[in-house]
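When a residue number appears, it is its place in the shown sequence, counting from 1.
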Amino acid sequence: MKFVASSTELFGRLQVISKVISTKNSLPILDNFLFDLDDNRLSITASDIETTIVTTLTLSHVEDGGKIAIPSKILLDTLKEFPEQPLTFDINTETFAITINTENGKYSIMGQNPEDFPLIPRIASDSKSIITSASVFLQGISKTSFATADDEMRPVMTGIYVDITSNDVTFVASDSHKLVRYRRSDIKEADEGSFILAKKPAALLKNILAKEDGDITVNYDDKNALFLLPEYRMVCRLIDGVYPNYASVIPQNNPYKMIIDRQEFYNALRRVAVYSNQASNLIKLSLSNNQLIVSAQDLDFSISAYERLNCQYDGDNMEIGFKSTFLTEILSNLSCTNVALELSDPSRAGLVIPVDREVESEDVLMLIMPLMLG
């Protein structure tokens, strides 16, 4: 098995797929990349059993094909030190000895038997699919992943729920204190269905999607999802279970509506939150005629603060409390100029909705549960 590859291209691809490799693998073979050379196409696989990522390179100088498992750490540590240059890999597929020849040197590594590498899970023949642009999935994951829960007792809440109809795709995440619903109507074709994407593969997919500008095809069955992109493919195990009816917790009639500059609101919250009680992070919003007062206090340390902000609001006077860390997190994950805060009652959830859309086909809604005012 012998081939020539660009040092920087190879390193770039390996860096992306290496993020799937766990530091505590149950199988030692999973500390390796699986190289599979067929004709002039080199497929490189990395896996942690639950999630597998494959990248494919087209090479111009190939002598013999074959398979080899190469230790990931030493290969990455070696490649990152090279400037751009061609590297010649000369591999004995019987002894698993690997030689990397460069312009000025030679590096020898011992590989492992590729047959020990686990097989990639197959998607059922009756699987469902969706085709859309990579940017749709990137935004869906980026806008929702921060709201997932860490509750191992309720595994379905630790993932991103992807709900697909023939007209749109909806991404939902919630930790019971906050909820994000991100919907896009600019999908190309889709079968109706849904799945729950776990946090780790979601983060890996986000990293890959940021480098892609083409389409993504997703095939999924009851157990696994396969994400197909021009230069990568990822298979991951889905979270098993039924996602709660998220629509039922979104309040429909919200007579109190404030519109405010998102960045000003965010900055004021950050400043005033310094003075909130460290245990509760309670911050109070007081709404009156075109004015918002953001206030906090910590009686244990005899400190308090408030800021007055201009806003659009002409309803009855209203006071409501929120956990400042949740509210600032929500505002930081929006990129609009102005946001609307819609409220119905100090004891019911508030909705944070962008006033101006970045993309015409997107619909973003973020929900935050209130804290009781003392």
Nearest 0.5 Å, what's the [atom1]-[atom2] distance between [X] and [Y]?
X: Y243; Y: M157; atom1: OH; atom2: CE; value: 4.5 Å
X: I353; Y: N338; atom1: CD1; atom2: CG; value: 13.5 Å
X: K19; Y: I208; atom1: NZ; atom2: CD1; value: 10.0 Å
X: S286; Y: L292; atom1: OG; atom2: CG; value: 7.5 Å
X: K178; Y: D175; atom1: NZ; atom2: CG; value: 3.5 Å
X: S324; Y: L282; atom1: OG; atom2: CG; value: 8.5 Å

Using a 4.5 Å cut-off on heavy atoms from C-beta on, say whether the side chain of [Y] contacts that of [X].
X: K106; Y: T99; answer: yes
X: T148; Y: I160; answer: yes
X: F11; Y: L76; answer: yes
X: F33; Y: S18; answer: yes
X: S43; Y: L34; answer: no
X: L79; Y: L87; answer: yes
X: L197; Y: C236; answer: yes
X: S72; Y: N32; answer: no

Does [X], at its [atom1] atom, have more than 12 non-hydrogen atoms belonging to other residues, nucleotides or ligands within less than 6.0 Å?
X: F146; atom1: CZ; result: yes
X: L27; atom1: CG; result: yes
X: N310; atom1: CG; result: no
X: D186; atom1: CG; result: yes
X: Y275; atom1: OH; result: no
X: K199; atom1: NZ; result: yes
X: D191; atom1: CG; result: yes
X: D77; atom1: CG; result: yes

Please confirm whether the backbone N or O of [Y] pairs with a side-chain atom of [X], one donor and one acceptor, at under 3.5 Å?
X: R237; Y: K223; result: no
X: N281; Y: T325; result: no
X: Q252; Y: I250; result: yes
X: N25; Y: L30; result: yes
X: D356; Y: T337; result: yes
X: S127; Y: D221; result: no
X: N113; Y: E115; result: yes
X: R262; Y: L334; result: yes
X: S142; Y: Q139; result: no

Could you tell me which non-hydrogen atom of [X] sits nearest to which non-hydrogen atom of [Y], and how far apart they are?
X: N219; Y: S129; answer: OD1-CB, 3.1 Å
X: K323; Y: A279; answer: NZ-O, 4.2 Å
X: I120; Y: R233; answer: CD1-NH2, 4.2 Å
X: D298; Y: Q278; answer: OD2-N, 4.0 Å
X: T45; Y: I17; answer: C-CD1, 4.2 Å
X: A340; Y: I259; answer: CB-CG1, 4.2 Å

Flag this pair as yes if the NZ/CZ of R184 is under 6.0 angstrom from the six-membered ring centre of F171 and inside a 45 degree cone about the axis; otherwise no. no

Between the side chains of N167 and T165, does any donor sit under 3.5 Å from an acceptor?
no

Inset, instruction - Examine the side chains of S6 and E84 and answer whether a donor and an acceptor come within less than 3.5 Å of each other. - result: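 Present: a donor and an acceptor within the cut-off.
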
Donor-acceptor list for residues 313-320 side chains, cut-off 3.5 Å, not counting sequence neighbours:
unit_1	atom_1	unit_2	atom_2	d
Y313	OH	D316	O	2.4

- Task: Quick one: do Y246 and T170 satisfy side chain to side chain contact (heavy atoms under 4.5 Å, CB included)? Show the steps, please.
- Result: CA-CA 11 Å; Y246 64 88; T170 304; 3.8 Å; yes

Kindly work out whether a path of hydrophobic side-chain contacts (I/L/V/M/F/W/Y, heavy atoms less than 4.5 Å apart) joins [X] to [Y].
X: F137; Y: L226; result: no
X: I49; Y: V20; result: no
X: I70; Y: F3; result: yes
X: V235; Y: L205; result: no
X: I53; Y: L57; result: yes

Paired with V218, the side-chain contact (heavy atoms from CB on, under 4.5 Å) test is passed by just one of V162, T132, I130, namely I130

Given the options Q263, R270, R271, E264, N267 meets side chain to side chain donor-acceptor pair (under 3.5 Å) only with Q263

Test side chain to side chain contact (heavy atoms under 4.5 Å, CB included) applied to I260 and V339, step by step
CA-CA 6 Å; I260 192 166; V339 293; 3.9 Å; yes

May I ask you to say whether R181 pairs ionically with D363, meaning some side-chain N is under 4.0 Å from a carboxylate O?
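A salt bridge links R181 with D363.
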
Side chain to side chain contact (heavy atoms under 4.5 Å, CB included) between E231 and E212, intermediate numbers included: CA-CA 8 Å; E231 294 177 344; E212 297 280 352; 3.9 Å; yes

Discussion item. Apply side chain to side chain contact (heavy atoms under 4.5 Å, CB included) to residues N207 and Y232 and explain how you reach the verdict.
Written reply: CA-CA 11 Å; N207 189 43; Y232 297 92; over 6 Å; no

